[in-house]
Amino acid sequence: GDTVLTGEIVTSGGGLVRGRCTWSHTTATNTFALTKTFLFNASDVPATIHKAGFFSCPAVTGSERMVYESILSADASLAVSGDSVTITDTYTMS
């Protein structure tokens, strides 16, 4: 039932705020990947990203629920306009 990630960046208009990721799947496999690139811009404040949250995409904005969170293998520090990090999580379905 969580609707926010603890410590979530919510700077209005910033490139580090929540956004849609891309989904990919290879035919005949039981894995899929979610990927999102975050780009630091002038509306952001310097941040170190340690984890990412993945949320449902309901028809009504504002009613998203966190499906899971993932701790990054290494922290990403973003401080200058143009800094970016791409996060990819790969999942195996059983």
Side-chain angles (χ1 to χ4, degrees):
D2 291 337
T3 58
V4 296
L5 177 68
T6 302
E8 182 172 349
I9 298 168
V10 293
T11 307
S12 179
L16 304 182
V17 296
R18 188 185 300 189
R20 294 185 189 265
C21 58
T22 58
W23 176 86
S24 61
H25 173 269
T26 302
T27 303
T29 68
N30 64 342
T31 62
F32 68 94
L34 300 175
T35 302
K36 172 73 174 138
T37 297
F38 295 92
L39 178 63
F40 190 94
N41 67 37
S43 296
D44 293 310
V45 295
T48 298
I49 300 172
H50 178 70
K51 62 183 173 180
F54 294 85
F55 294 81
S56 62
C57 291
V60 179
T61 300
S63 62
E64 300 90 349
R65 296 289 183 256
M66 187 164 48
V67 178
Y68 62 91
E69 62 184 73
S70 179
I71 296 177
L72 305 183
S73 59
D75 289 353
S77 294
L78 305 169
V80 178
S81 189
D83 283 353
S84 68
V85 61
T86 298
I87 298 172
T88 300
D89 268 349
T90 302
Y91 303 91
T92 302
M93 299 174 287
S94 52

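Note that the structure is a prediction, hence the values are computed from the model and not measured. These values consider heavy atoms only, across backbone and side chains, with no hydrogens, waters or symmetry-generated copies.
Side-chain contact between Ile71 and His50 is present, with at least one heavy-atom pair separated by less than 4.5 Å. Side-chain atoms of Leu72 and Ile49, non-hydrogen and from C-beta on, do get closer than 4.5 Å to each other. Between Ile9 and Phe38, every side-chain heavy-atom pair lies at or beyond the 4.5 Å cut-off.
In this structure a side-chain-to-backbone donor-acceptor pair under 3.5 Å is present from Ser56 to Arg65. Distance alone, capped at 3.5 Å, is enough to place a donor-acceptor pair between the Asn30 side chain and the Met93 backbone. When atom types are taken as modelled, the side chain of Asp44 and the backbone of Gly15 share a donor-acceptor pair closer than 3.5 angstrom.
Using bins of under 30°, 30° to 60° and over 60° for the plane-to-plane angle, the ring pair Phe54/Tyr68 lands in the parallel bin.
Considering every non-hydrogen atom in both Ala42 and Ser81, the closest pair reads N-OG, 4.2 Å. Cys21 approaches Lys36 most closely through the heavy-atom pair CB-CB, 3.9 Å. Considering all non-hydrogen atoms of both residues, Ala52 and Leu5 come closest at C-CD2, 3.9 Å. The two atoms that bring Leu78 and Val85 nearest to each other are CD1-CG1, 3.9 Å, heavy atoms only. Minimum heavy-atom separation, Phe55 to Glu8: CZ-OE1, 4.0 Å.
Every residue two or more places apart in sequence or in another chain that forms a salt bridge (Lys or Arg N to Asp or Glu O under 4.0 Å) with Lys51 is listed here: Glu69.
In summary, the side chains of Thr92 and Thr31 do not present any donor paired with an acceptor at a separation below 3.5 Å, with no hydrogens or angles considered.
Between the CG atom of Leu39 and the CG atom of Asn41 there is a distance of 6.5 Å, given to the nearest 0.5 Å. Taking CZ of Phe40 as the reference point, atom OG of Ser84 lies at 12.0 Å (rounded to 0.5 Å). In this structure, OG1 on Thr35 lies 8.5 Å from CG on Asp89, to the nearest 0.5 angstrom.
In the hydrophobic clustering of this structure, Leu34 groups with Val67; members are Ile, Leu, Val, Met, Phe, Trp, Tyr whose side-chain heavy atoms approach within less than 4.5 Å, directly or through other members.
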